[in-house]
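I have placed the structure first, in the form of structure tokens, so that the comments after it can refer back to it.
Convention: sequence-line order gives letters A, B, ...; per-chain numbering from 1.
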Amino acid sequence: MNSPNPFVEIVELKGLSIRFILKNSNTAFANALRRIMISEVPVMAISDFAIINNTSPIFDEILVHRLSLIPLTTDLDGFNLPEKCVCKGIGCSRCQVTLILNVKAGDSPVTVYSRDIVSSDPRVIPINGDFPIAKLSAGDEILIEMYARLGRGKDNARFQPVSACAYKYFPRIVINTSSCVKCTNNGILKCVSECPKGVLDVNVETGYPYLRDPLNCSLCKACVDVCEYNAIELKPDDTSFIFYVESTGSLPLHKIIYTAATILAEKCDEFLSKIGGFR
Amino acid sequence: MYPIRCFTCGAPIGDKFEKFKKLVDSGMPVNKAFEELRITRYCCRRMLLTHVEYIDDIVELDMLYMKKKYKR
């Protein structure tokens, strides 16, 4: 229990994707964080529809499915989850946003885009106006009233704030210098040339191989297999994890990770309070 | 119509199909177009590569036949 506190080291933050290392942690925590990011961080999505008019060649069900999958920008502090709202899930301005899609085609076909959706709340709008929703032939009309609410990824994929969300172990490599003979193949160390990811390199001073790019090592152990002298040891470090998280755009990445950690803490508190009598 | 999200990972890709088509039609190699649109995983790439867009044909048919039959 005296292990140092876990901390996060951001390696790369590029647009909607982040790569970070979670250090001084363990598999249980890393996996809990990953699962909560996927299935428990609430996000806004359209979930109820009132189709008033749809004469387009796209069926109502398909239209509704497409509309529901469009990611909406989310303000987590401004809205409540419907089941936790004061209105008890009936739908009020604190847990629900109304959006209207009203498009009418003239004499030629028209493509309906997500930019045509009019929201009653400027905080909740489609992340991007370029999503094609439907195509109308001449004279067709679409008039739909939509209700967006917060939801969780475990209920429906539309409420998932992340697309790719994964972690892997941090690699630790140990070279046994007493048994390594620096065997070469065409002038390159055998283990270095064998690595399919090209993450091993030769230390210029000592001549021994070393792990130049640990983030891209996939722990395939090709270098261990090719070594005839058992001089390389490659092991996953089960206290450090390389995370890769990609947001769908509805929530910023730091908010997703922070909210996931908060939800995990709340769950732990709830658990402790429930077993409180046994402590 | 082109799907809004990748079937496998759930990344929003619906907005990228028209851009992708424009880039590829202008003569850009497919892998360059993927880099340009920042589509890195092969699940999202196959969505763009294998999609057959036939909504325009449906709209055309709709214009030809449906409108005569059901006057709306």
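Per-residue heavy-atom pair counts under 4.5 Å with chain A were compared for B:Cys6, B:Gly10, B:Cys9, and the maximum is reached by B:Cys9. Top candidate by heavy-atom pairs under 4.5 Å with chain B, chosen from A:Ala134, A:Ser114, A:Gly129, is A:Ala134. Your options are B:Ile4, B:Thr8, B:Val59, and the one with the most heavy-atom pairs under 4.5 Å with chain A is B:Ile4. In terms of heavy-atom pairs under 4.5 Å with chain A, the best-connected choice from B:Ala11, B:Pro12, B:Cys44 is B:Pro12.
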For A:Phe131 and A:Tyr113, what are the C-alpha separation, side-chain angles and deciding distance, and is it a ring-ring contact (aromatic ring centres under 6.0 Å, His included)?
-> CA-CA 5 Å; A:Phe131 289 101; A:Tyr113 289 98; 9.8 Å; no

Would A:Asp140 and A:Lys104 count as a salt bridge (Lys or Arg N to Asp or Glu O under 4.0 Å) if you check the C-alpha gap in whole Å, the side-chain angles of each, and the deciding distance to 0.1 Å?
-> CA-CA 6 Å; A:Asp140 280 350; A:Lys104 208 168 187 175; over 6 Å; no

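The contact between A:Ala157 and chain B is made entirely by backbone atoms, counting heavy-atom distances below 4.5 Å. Only the backbone of B:Tyr2 comes within less than 4.5 Å of a heavy atom of chain A; no side-chain atom from C-beta onward does. The part of B:Ile55 that comes within reach of chain A is its side chain, from C-beta onward, which places non-hydrogen atoms under 4.5 angstrom from that chain. Of the two parts of B:Glu18, only the side chain, counted from C-beta on, holds a non-hydrogen atom closer than 4.5 Å to a non-hydrogen atom of chain A. Proximity to chain A (any heavy atom under 4.5 Å) is shown, for B:Lys16, by neither the backbone nor the side chain. Neither the backbone nor the side chain of A:Ile62 comes within less than 4.5 Å of any heavy atom of chain B.
Without hydrogens or angle criteria, A:Asn54 side chain to A:Ile58 main chain gives a donor-acceptor distance under 3.5 Å.
The distance between the ring centers of B:Phe34 and B:Phe20 falls below 6.0 angstrom.
Here salt bridge (charged side-chain N to carboxylate O under 4.0 Å, His left out) pairs that include residues 69-78 of chain A, with residues two or more places apart or in two chains, are A:Asp75-A:Arg123, A:Asp77-A:Lys255. Listed by first and then second residue, the salt bridge (charged side-chain N to carboxylate O under 4.0 Å, His left out) pairs that reach into residues 25-48 of chain B are A:Glu246-B:Arg41, sequence neighbours excluded.
A salt bridge links A:Lys267 with A:Glu40: the closest approach of a Lys/Arg side-chain nitrogen to an acidic carboxylate oxygen falls below 4.0 angstrom.
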